[in-house]
Structure formats: C-alpha cells, structure tokens
Trainee: 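The structure that follows is given in the form of structure tokens.
Chain A is the first sequence line, chain B the second, and so forth, proteins listed ahead of strands; every chain is numbered from 1. Owing to the predicted nature of the structure, the values given are computational and were not obtained by experimental measurement.
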Amino acid sequence: MKFDFRAIEPKWQQHWDRSGTFRTPDEDQRPRIYVLDMFPYPSGAGLHVGHPEGYTATDIVCRYLRMKGFNVLHPMGWDAFGLPAERYAMQTNIHPRTTTEENIATFRRQIKMLGLSYDWSREVNTTDPAYYKWTQWIFLQIYNAWYDPRKNAARPIAELELELASSGTAQLPGAPTLTAGDWAKMTRKDRHDLLAGFRLAYVAEIPVNWCQELGTVLANEEVADWTEKGYTVERRPMKQWMMRITSYADRLLSDASNLDWPASTLEQQRNWIGRSEGAEITFPVKGLAGSAVNVFTTRPDTLFGATYMVLAPEHSLVDSLTTQDRRPEMEPYCRAASLKSEMERGAGKEKTGVFTGSYVVNPATREPIPVWVADYVLSGYGTGAIMAVPGHDKRDHEFAIAFKLPVRKVIEGGQGEGECFSGEGVAVNSMNAEVTLDGLPTAEAKRLVIAWLQKIGAGKATVQFKLRDWLFSRQRYWGEPIPIVHCEDGTMETWDTLPLELPVLERFQPSGTTESPLALATDWVNIVEPKTGMKGRRETNTMPQWAGSCWYYLRYIDPTNDIRFCDRAKERQWMPITIYIGGAEHAVLHLMYARFWHKVLYDLGHVSTHEPFKKLRHQGTILGEDSRKMSKSRGNVVNPDDVVREYGADSLRLFEMFMGPLEEMKPWSTKGVEGVYRFLNRVWRLYIDDSGNIDARLGGGPASADLQRLFHQTVKKVGEDIEALRFNTAISQMMIFVNEAMKAERVPRDLAQSFVLVLAPFAPHLAEELWEKLGHTESLSFEPWPVFDPTQLTADDIEVILQVNGKVRSKTTVPMNTTEVELERIALADAQILRYVDGKRIVKKIVVRNKLVNLVVSKD
RNA sequence: GCCGAAGUGGCGGAAUUGGCAGACGCGCUGGACUCAAAAUCCAGUACGGUUCACCCCGUGUGGGGGUUCGACUCCCCCCUUCGGCACCA
C-alpha cells in the first residue's frame with residue numbers, strides 16, 4: 001500500500017494553518033533564531049523549481065531548531081513592485097495592482113503547497129501602502145541625514161544646520177569655507193542648496209544610463225542585466241535622485257571581513273567597491289599661472305615616467321585647455337564620447353584621443369608634458385584625469401604607440417620584462433635635485449615620493465573607490481513615490497504625511513517625455529506645499545525595486561506596527577539574522593544596498609546591529625534535465641505544481657535536498673524524484689502494513705545491536721548535517737537506516753517513533769501522519785529532537801585493515817582499542833599478510849589503533 | 001587579461017585529522033513473485049586482466065612532478081569548466 005500524499009499533505013497543511021502551529025510568539029523564554037529566505041518577486045510565471053530549493057533548506061533548519069527548543073522566526077513576503085507588472089499594464093491597461101495581487105495569490109498557494117513552516121501572520125508586501133509608508137519614511141531619514149567624516153557616521157541634517165549656525169564649516173574637513181555669519185545671511189534657497197551637498201539622498205544632473213525601450217534610467221549595477229537581454233542603454237545627462245553610498249565605501253568593505261558569507265560573494269562586493277590606495281598629484285598648467293590639473297594614480301613611484309597627461313572628455317578643464325586651433329577636432333570628439341555608454345567606450349580596442357594644444361609641468365622632472373583628451377579615461381573615477389606612464393602601464397603604452405608619444409623606463413622589473421612592465425620592481429631614472437627614488441623597491445619609492453610631494457605641496461596620499469553613488473530614481477509608475485515636493489522657488493520640502501500613495505491612473509502609457517507616467521496625474525502632481533504655502537510639484541520619479549527589499553527583514557519582526565517601522569525592543573531581540581538564504585544573483589545589488597540602508601539606520605539609532613545578515617548562503621541553480629539552463633524556449637522547464645501533483649510535496653522537498661550540495665549547480669532528474677518517492681513509500685511500509693494498521697514489527701522486543709547503533713549514528717549525523725546545511729548526506733543516512741530497518745525483524749516502537757522525528761524536518765507531512773498513526777494527538781513540530789547516546793555509536797568489535805607497503809592485503813576484526821602490540825602480532829600471523837612478507841625484511845611497522853597496521857618490507 | 005569556485009564510475013554525488021576511493025540515489029544486468037504487466041523484493045554493477053566458479057592481480061579521483069609507511073585530501077607546475085569583473089589609472 002502506498003502512502004496517500006494527495007490526502008495527507010493538504011490535511012496537515014490545513015491543520016498547521018488552523019492551529020497556528022508556526023506562529024512565532026514575541027514574548028517567549030526560549031533562545032531566538034531568525035531564519036530568512038530572500039522573498040520572491042511574484043512573477044506571472046508562478047513558482048520556479050529554484051524557489052523551493054532555498055525555501056526547503058531553511059524550512060528544514062527551522063523545523064529542526066524548533067525541535068531543539070528555539071523560538072524560530074521564519075517569515076515570507078512579496079517583493080512586488082517592479083517593471084513586468086507595469087509593462088503588462090501598458091499593453092492591457094490592467095492596473096499593476098490587479099496583476100500583482102493575482103500573482104501573489106498564485107505564489108502563496110504554491111508556497112503553501114510545499115508545507116513550509118512560515119509564520120504567515122507576518123507576511124509583508126512591498127506594494128502595500130502600510131508597508132511602503134515605512135519605505136518612504138526610511139527614505140526621508142536618509143534624505144534628512146548627512147555623513148560626518150569626523151564621527152565616520154551619518155547624523156541628522158538638523159545637527160549640521162546647528163553647527164553651521166554656530167561655527168560655520170570651520171571644523172568640517174573637506175567642506176567649502178563658510179562662517180557662521182555667512183550662514184546667517186544666506187537665503188532659504190541658498191541654505192537649501194548648500195545642505196543638498198551634504199544630504200545622503202540628493203538630486204544631481206549627471207550622465208545616466210537611459211533605456212528608451214524601458215522608458216527609465218538604470219543603476220550602473222543594473223545595466224549589464226538589461227543589455228544582456230538585448231535592451232540598449234545610452235548615456236544622457238538627466239536630473240536624478242542619488243544616494244551617497246560612497247560615504248559608506250570604507251565601512252561596507254571593512255565590515256565585510258567579519259561576515260560568514262560565500263567567498264565569491266564577498267569577493268564580488270570587494271571588487272565592486274574597488275578600493276585603491278594611491279596619491280593625488282597636482283600638475284601646474286604651463287603658461288597659465290594658478291591653474292593646475294589633479295590626477296589620481298596608484299603608482300606615484302612612476303611619476304618620473306609620466307610623459308603626457310590625459311583628461312576624460314567630460315573633464316571640466318577640457319574647454320579652457322583646448323587651444324583655438326585644436327577646437328574643430330576636440331568638440332566633435334567630446335560630443336561623441338559623451339553619448340557612448342561606458343561599455344561602448346570599452347568595446348573599441350583602438351585607442352583614440354585628441355591633443356589639447358596645452359602642456360602641464362611634471363612636478364618631478366619639471367618638464368612640460370602634452371595634455372591629451374581620450375575616452376579611455378573615465379570621468380567618474382578618481383579626478384577624471386591621469387598622468388600617463390607609457391613605460392609601465394599597458395593602456396598608456398598602447399596610446400603612446402598610437403600617437404607616437406615618448407616612453408620612459410623608470411622601473412627595473414624582474415624577469416619577463418617586456419617593453420611595458422606594469423609590475424613592481426626597483427625605481428631607476430627617477431631623481432631630481434630634491435629627491436631620488438633610484439634603487440628603491442616600489443613600496444618604498446611610493447612612500448618617499450608621496451612624502452616629497454606633500455612637502456612641496458604638489459600632492460598627497462589618497463584612497464579611491466570604484467563604487468559610485470547609487471542612482472535611486474526610476475521613471476515608473478509601479479514603485480514607491482518619493483515623498484518630496486519641489487517648490488516654486490526651486491527648493492524641496494519633504495512630504496511628511498505618509499504613506500504618500502500612488503494616484504489611480506486610467507492609462508499606463510509612458511508620459512512621452514523622460515518623466516514617469518505619474519506626471520500625467522496632474523491633480524496629484526500639482527499641490528500647495530503645506531509647510532511653506534508655496535505652489536509645489538510632487539516628485540514624479542519613483543524608487544527602484546531594490547528599495548522595498550532593503551529593509552523587509554526588519555518589518556517581519558513587527559509587521560503591523562503603525563507607529564514605527566519596527567519596535568525597538570523587538571528589533572534588539574531578533575536581529576541580526578542568523579542565516580539568510582537566497583540566489584547568488586543578488587551578490588552586489590540587493591545585498592549591498594540592504595547593508596547600506598542598515599548602516600544608515602544604525603548610525604541614526606534605529607537598529608542595533610552594524611550588519612543585518614551574519615551568515616549567508618546561496619542555493620545553486622537547478623538546471624534542466626538536459627543539464628542546460630531552464631528556459632521556455634528550450635522546453636526543459638520543470639513546474640513544481642506538476643511534481644507535487646505526481647509525487648507530492650514531500651518528494652519534491654526531499655529530492656531538491658538530495659540532488660547534491662545546496663550551493664552547487666545541478667541538473668533536474670525525474671528518475672531522481674521517483675527515487676526519493678520510493679524511499680518515502682518504504683518509510684510508510686516500514687510503519688504501516690497492508691491493511692493500514694501499525695506494522696507488527698513495531699511490537700515489543702529490543703532492536704538488534706546493529707540497528708540500535710545505526711539509529712544513534714543516524715540521529716547524530718542527521719542533526720550535524722542539518723546544522724552544516726548538508727542535506728544530501730543527511731538524507732543518505734536516513735536511507736541507510738530505513739534499508740536496515742526494513743530487513744530487521746523487530747523495530748522497537750520508541751526507536752521507530754524517534755526516527756519519525758528525525759525525518760520530520762525533511763518530509764513533514766508524512767512524518768505528521770505517521771506520528772498520528774502512532775497514537776499522538778499533537779503535532780510533532782515541538783517534540784524534542786531525539787538524543788543520541790555517544791557510547792552507542794561504535795560497535796565493540798572493529799575492522800582493522802592490514803597493509804603491506806601501503807596496500808591493503810587483508811582485513812581483520814578485533815575488539816575496540818586492541819593495543820598496538822597485539823595488532824602487530826595479529827598482522828604478522830595473518831595468512832594473506834605472510835604471503836607478502838614471507839622471505840622479506842620488515843623495514844618499518846606502522847600501527848594505528850582501531851585503524852590499521854602497515855608493514856613496510858624491503859624490495860628483495 | 002584579472003579575481004573567485006570547482007574537476008571523483010554510464011549519471012547526481014559520498015569520503016571528520018592524510019588511513020579500505022566510489023557511501024546513498026539513478027541507470028543498467030540477472031533473478032523471485034505474476035497468465036502477463038506494474039509495484040515490490042533479492043543479487044550484481046569503477047576499469048582492465050585471469051583457468052569471469054572461487055579467489056587473486058594490476059590500474060584508477062583533470063595532467064605532470066614532489067612530500068609521506070600511506071595522498072581525492074598537503075606542496076609546486078600545467079590543463080579544463082563554471083561564475084564574476086573588465087580601459088577603475
């Protein structure tokens with residue numbers, strides 16, 4: 001008789017639902033654990049088999065930890081803003097809210113069908129105004145904050161205003177000079193503009209990545225995702241909201257070293273932040289007193305080899321340094337470069353550029369060097385200008401060859417030195433009247449030249465980051481409105497009555513301009529700003545999809561609070577997240593943005609931890625049966641609904657965990673699902689006989705010593721494997737146990753019962769059903785996890801291998817802890833061993849207790 | 001090009017500290033049950049050799065070298081695959 005999963009699974013899902021089995025109490029004495037899944041974007045396609053992989057893994061951990069006596073927080077929700085629903089609305093005119101609600105209903109049904117132990121009373125939805133009220137509130141916290149480099153933390157902007165009123169910028173490193181008197185005299189507009197330069201959320205006119213097909217701008221991090229799908233992205237200057245994530249570059253980098261995250265993910269974040277140490281060096285413009293160009297270099301030790309300079313086409317000095325005769329060539333070059341995306345600029349292998357006609361003076365050699373403009377220099381990095389050292393930089397070398405510029409060798413490299421050596425070495429040809437680097441290794445030469453530059457006021461050591469500020473606005477309808485009003489005097493005011501809800505639109509076509517469709521809701525857009533009484537226009541850009549997922553893990557802690565985004569005491573009790581599981585595709589985007597918001601909230605005193613996600617793991621991609629990526633066009637997509645209908649949720653769960661290590665990429669196998677389905681049926685038949693009663697073998701009498709021992713080994717291994725997320729080997733161990741138990745004449749009832757508990761985290765429906773059949777009336781969810789007896793893990797007798805010259809020649813069974821002397825005696829008496837030892841000289845004897853004897857004999 | 005991860009039977013994969021390579025599952029082969037099939041159960045299954053009946057022997061964890069009584073495991077060199085970054089000065 002087979003187990004009737006079609007009846008059993010819905011029965012227990014309803015039971016858990018109705019009894020609130022997995023409701024997480026906030027007031028509770030048990031130790032707390034917070035286990036989080038990355039919440040899904042509820043797409044129209046429904047659940048994918050990749051989703052249950054991570055969700056089952058966390059579910060097993062949660063069910064296990066509940067049985068180990070923990071109070072487990074395990075919630076689920078919906079990251080439901082996003083472009084697909086809006087694009088669908090453009091085609092059909094069906095409101096994105098309608099499609100979103102439908103998709104959520106499908107996802108919820110599919111997830112519930114898997115028997116996952118979520119506390120559904122904590123479900124969140126980023127598109128719910130009661131949720132995005134707090135996303136907007138956090139936006140305003142960020143807007144109303146600035147980064148104080150002295151404290152290395154964000155502070156309320158009001159504190160900056162107080163400081164400016166009392167002492168100006170006297171104590172503010174890096175700020176423009178301003179006295180308290182100046183501040184007092186400033187107009188509302190001037191103060192507003194000055195503060196904007198400090199705020200962590202600000203509007204800037206910068207070249208952004210505009211996608212005409214999508215009708216929106218994209219963050220640098222997002223561009224690759226869309227261009228891969230065939231969309232084109234162009235560079236255009238536009239006014240956009242930015243978040244000053246660069247202020248946190250150092251902390252995002254250094255705090256990462258304490259995270260228990262996959263090495264590749266940490267590496268990607270480090271690369272994205274891209275910290276490099278170097279120097280900023282000032283080159284005076286020849287014949288133009290008081291004018292100078294700053295460059296950033298990581299190799300100040302090669303300064304004597306800088307034979308020309310290159311400015312990015314967008315550099316502010318291009319115009320003034322270009323001589324009259326060079327203009328006809330320069331202007332079209334810069335215009336063309338500004339339209340290209342960074343990707344396109346990189347695509348052209350040939351170096352291009354235009355000479356400005358001007359020269360700057362190399363502070364080390366005192367020689368004038370020509371200033372060029374070339375698009376291989378990026379405006380957004382460093383100072384947007386470089387000193388070119390063609391002898392020791394590949395790119396500069398290519399450029400120098402193309403334009404016949406002089407190359408000078410200033411580093412003596414080791415072996416393999418070509419015409420352009422970019423490694424470290426010893427400085428040569430690097431001396432002037434005041435300083436000499438000759439003979440110094442790179443690290444020392446750097447230190448010395450920086451010290452010298454500092455002394456003469458021509459440079460200083462600096463640190464640069466690749467990380468750029470986060471482009472935060474999107475020209476979309478289906479996103480959180482940014483709660484800002486633009487007043488008629490050109491200032492901005494925050495809109496504090498939250499939530500600021502999206503207006504109802506009749507049509508969802510793009511506005512036709514570069515504004516979002518919200519611009520068409522004129523009644524909503526044009527208002528009187530209440531604090532100033534001025535005419536105002538609402539911000540029509542909305543937030544990017546990442547906004548809602550930056551803090552959802554905090555909302556689960558206190559999902560219905562309408563006074564605060566999350567109660568302080570509850571936050572302290574539950575954070576940080578013990579383990580977070582989700583896709584590796586979020587390595588830089590979501591995981592970097594969430595860390596950033598979390599740190600701002602920490603600085604402003606709203607949360608208690610530096611980092612939200614202590615431990616992170618990714619589930620590996622599940623490939624199609626043909627070992628290729630699943631896709632509709634390949635026709636190899638597996639639908640979880642079909643698998644559950646055919647084999648049940650327990651089989652799907654078990655198979656996804658049995659396929660291989662959680663983090664690896666692995667192919668689907670229908671035969672493999674059948675395999676675990678067979679296993680579950682074996683379990684059923686172990687307990688239940690053909691007439692549906694408890695099998696007679698569960699009656700009285702003790703288990704054999706072997707089965708007893710195997711049981712204790714199984715409890716130990718399964719528990720350890722769950723804690724280490726090695727679900728595949730845990731399942732393998734349970735299979736071994738069931739195989740043996742099926743052969744046994746007697747399986748004592750208490751042992752059989754305990755095994756049900758061991759199986760329960762993996763196949764909870766089957767386990768609950770068996771538990772009930774065994775006479776229990778309560779769910780097994782909070783039964784204590786079985787305890788193994790360490791003394792029962794090993795047999796009294798143990799097999800020891802006997803080797804000659806490291807090769808296994810025989811085996812023997814001896815009592816545990818047989819002495820080395822005795823083992824050696826047994827080995828030398830073994831008939832097989834004697835065949836190899838006979839007539840030869842034993843050179844060495846290695847005896848390891850409970851393991852082996854190895855006799856090393858001479859050749860002859 | 002740079003960085004990261006990984007290479008084990010026909011397939012997915014297993015192997016605490018260096019100590020029986022291939023657990024467990026899939027597939028395959030043979031058998032039992034059956035009129036037959038499905039389901040289930042039993043036996044076998046790394047490759048090669050041998051007087052394939054029993055034993056036994058050799059080879060084998062991407063390739064080459066090294067350390068060691070002993071290496072999938074540690075060290076050096078190389079190759080391949082996957083992922084990320086890619087004019088970041």
Side-chain angles (χ1 to χ4, degrees), chain A residues 1-2 224 262-272 274-276 278 295-299 302 306 310 342-343 345-349 351 374-378 380-389 392-396 398-399 422 464-468 584-585 587-588 618 620-621 627 654-655 658-661 663-676 678-679 681-682 685 720 724 726 728-736 738-739 742-743 799-811 832 835 843-848 850-857:
Chain A
M1 189 178 152
K2 291 197 169 191
S264 60
T265 302
L266 287 173
E267 188 62 20
Q268 280 181 59
Q269 294 221 345
R270 282 194 200 105
N271 287 345
W272 193 262
R275 183 179 196 274
S276 17
V295 302
F296 173 73
T297 178
T298 54
R299 292 298 297 272
T302 61
V310 187
E342 281 184 19
M343 196 112 37
R345 285 203 204 176
K349 281 169 207 121
K351 291 274 182 289
D375 67 1
Y376 82 91
V377 173
L378 306 174
Y381 183 76
T383 61
I386 61 153
M387 62 177 212
V389 185
H392 305 283
D393 182 283
K394 205 168 153 251
R395 299 149 299 181
D396 297 344
E398 285 170 14
F399 191 84
S422 55
Q464 279 294 332
F465 295 93
K466 268 168 71 178
L467 185 72
R468 319 269 175 97
E585 67 274 18
V588 274
H618 301 304
T621 312
S627 290
L654 210 60
F655 173 64
F658 187 58
M659 294 168 85
E663 309 205 34
E664 302 281 295
M665 187 184 284
K666 45 215 174 249
W668 185 261
S669 160
T670 303
K671 290 290 185 186
V673 185
E674 285 173 12
V676 294
R678 270 201 283 274
F679 166 69
N681 274 303
R682 282 164 70 80
R685 287 201 314 273
E720 287 172 355
R726 290 189 301 246
N728 53 333
T729 50
I731 293 166
S732 156
Q733 182 66 32
M734 291 190 286
M735 287 174 167
I736 293 169
V738 171
N739 288 346
M742 288 296 270
K743 288 181 204 155
E799 194 179 55
V800 166
I801 56 167
L802 307 177
Q803 300 178 319
V804 178
N805 285 347
K807 292 199 167 137
V808 181
R809 297 302 181 183
S810 186
K811 295 169 191 182
Q832 275 298 325
R835 276 180 53 192
V843 182
K844 199 165 176 181
K845 299 166 190 162
I846 290 113
V847 185
V848 182
N850 298 331
K851 280 251 168 74
L852 59 78
V853 177
N854 185 15
L855 303 173
V856 185
V857 299

Trainee: Taking the side chain of K851(A) as heavy atoms from C-beta outward, which of U17(B), A14(B), C20(B) is closest to it?
Mentor: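 For the K851(A) side chain, the nearest candidate turns out to be U17(B).
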
Trainee: Would G65(B) be called syn or anti here, given the cut-off of 90° from 0?
Mentor: anti

Trainee: Base, sugar-phosphate alone, or nothing: which one does V310(A) contact when heavy atoms must sit under 4.0 Å apart?
Mentor: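 Touches nothing.
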
Trainee: Any N or O donor-acceptor pair under 3.5 Å from the base of C85(B) to the side chain of N271(A)?
Mentor: no

Trainee: Answer with base, sugar-phosphate or nothing: what part of the nucleic acid does R270(A) contact at a heavy-atom distance below 4.0 Å?
Mentor: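 The residue R270(A) makes no contact with any strand.
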
Trainee: If you check the R678(A) side chain, which of A14(B), U40(B), C87(B) turns out closest?
Mentor: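 Selected nucleotide: U40(B).
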
Trainee: Whole-Å distance between A86(B) P and Q268(A) CD?
Mentor: 11 Å

Trainee: Whole-Å distance between G25(B) C1' and L654(A) CG?
Mentor: 11 Å

Trainee: CD1 of I801(A) versus P of G18(B): gap in Å, rounded?
Mentor: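 In whole Å, G18(B) P lies 16 Å from I801(A) CD1.
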
Trainee: Hey, does R726(A) reach any base, or is it just sugar-phosphate, or nothing, if we go heavy atoms under 4.0 Å?
Mentor: nothing

Trainee: Go through G25(B), C20(B), C69(B) for me and flag the one nearest to the K844(A) side chain.
Mentor: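 Shortest atom-to-atom distance from the side chain points to C69(B).
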
Trainee: Is the phosphate of A39(B) approached by R685(A) (side-chain N or O, under 4.0 Å from OP1 or OP2)?
Mentor: no

Trainee: Determine whether a donor-acceptor pair (N or O, by modelled atom type, separation under 3.5 Å) exists between the side chain of R299(A) and the backbone of S422(A).
Mentor: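 Pair found, side chain donor or acceptor close to backbone of S422(A).
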
Trainee: What's the closest nucleotide to the D375(A) side chain, out of G25(B), A89(B), C87(B)?
Mentor: C87(B)

Trainee: Who does A71(B) pair with, Watson-Crick or G-U, both distances under 3.5 Å?
Mentor: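 Its partner is none (no Watson-Crick or G-U wobble pair with both distances under 3.5 Å).
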
Trainee: Strictly by Watson-Crick or wobble contacts shorter than 3.5 Å, is anything paired with G58(B), and which nucleotide is it?
Mentor: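 WC or wobble partner is C47(B).
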
Trainee: Assign R809(A) to base, sugar-phosphate, or nothing according to its heavy-atom contacts below 4.0 angstrom with the strands shown.
Mentor: sugar-phosphate

Trainee: Do you know which two heavy atoms are closest between N805(A) and V856(A), and how far apart they sit?
Mentor: OD1-CA, 3.3 Å

Trainee: Heavy atoms under 4.0 Å, any strand shown: does K466(A) hit a base, just sugar-phosphate, or nothing?
Mentor: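 Base contact.
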
Trainee: What is the nucleic acid contact for I846(A), judged by heavy atoms within less than 4.0 Å: base, sugar-phosphate only, or nothing?
Mentor: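 The answer is base, as I846(A) lies within the cut-off (heavy atoms under 4.0 Å) of a base atom.
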
Trainee: For A37(B), give its Watson-Crick or G-U wobble partner with both distances under 3.5 Å, or none.
Mentor: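 Across any shown strand, A37(B) pairs with none.
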
Trainee: Does the K666(A) side chain pair with the main chain of P661(A), one donor and one acceptor, at a distance under 3.5 Å?
Mentor: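 Here the side-chain-to-backbone pair exists.
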
Trainee: Name the pairing partner of G1(B), where a pair is Watson-Crick or G-U wobble with both distances under 3.5 Å, or state none.
Mentor: C85(B)

Trainee: Counting side-chain heavy atoms from C-beta on, which of A89(B), A23(B), C82(B) comes nearest to L378(A)?
Mentor: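 Selected nucleotide (nearest to the side chain): A89(B).
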
Trainee: Return the orientation label for the F399(A) and Y376(A) ring planes: parallel under 30°, perpendicular over 60°, tilted otherwise.
Mentor: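 Geometry flag for Y376(A) against F399(A): tilted rings.
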
Trainee: Given G25(B), G19(B), C87(B), identify the nucleotide with an atom nearest to the side chain of F658(A).
Mentor: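 Of the options given, the side chain of F658(A) lies nearest G25(B).
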
Trainee: May I ask which nucleotide in the shown strands pairs with C26(B), Watson-Crick or G-U wobble, both distances under 3.5 Å?
Mentor: G10(B)

Trainee: Mark yes or no for a side-chain to base donor-acceptor pair under 3.5 Å between K811(A) and C20(B), with no hydrogen or angle criteria applied.
Mentor: yes

Trainee: Is any side-chain N or O of K351(A) under 3.5 Å from a base N or O of C87(B), one able to act as donor and the other as acceptor?
Mentor: yes

Trainee: How is E799(A) classified with respect to the nucleic acid when contacts are heavy atoms under 4.0 Å: base, sugar-phosphate, or nothing?
Mentor: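 Base, at least one base atom sits under 4.0 Å.
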
Trainee: Can you measure H392(A) atom NE2 to C87(B) atom P for me and round it to whole angstrom units?
Mentor: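 So the NE2-P distance, H392(A) to C87(B), works out to 23 Å.
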
Trainee: Over how many whole Å does the gap from M734(A) atom CE to G25(B) atom P extend?
Mentor: 13 Å

Trainee: Looking across every strand, which nucleic acid part, if any, lies under 4.0 Å from T298(A) by heavy atom: base, sugar-phosphate, or nothing?
Mentor: sugar-phosphate

Trainee: NA contact type, E674(A), heavy-atom cut-off 4.0 Å: base, sugar-phosphate, or nothing?
Mentor: nothing

Trainee: Indicate, with a heavy-atom threshold strictly under 4.0 Å, whether D396(A) touches base, sugar-phosphate, or nothing.
Mentor: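 If one applies the 4.0 Å heavy-atom cut-off, D396(A) turns out to touch nothing in the nucleic acid.
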
Trainee: Report yes if at least one side-chain N or O of R835(A) is closer than 4.0 Å to OP1 or OP2 of C56(B); otherwise report no.
Mentor: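 No, because none of the side-chain N or O atoms of R835(A) sits under 4.0 Å from OP1 or OP2 of C56(B).
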
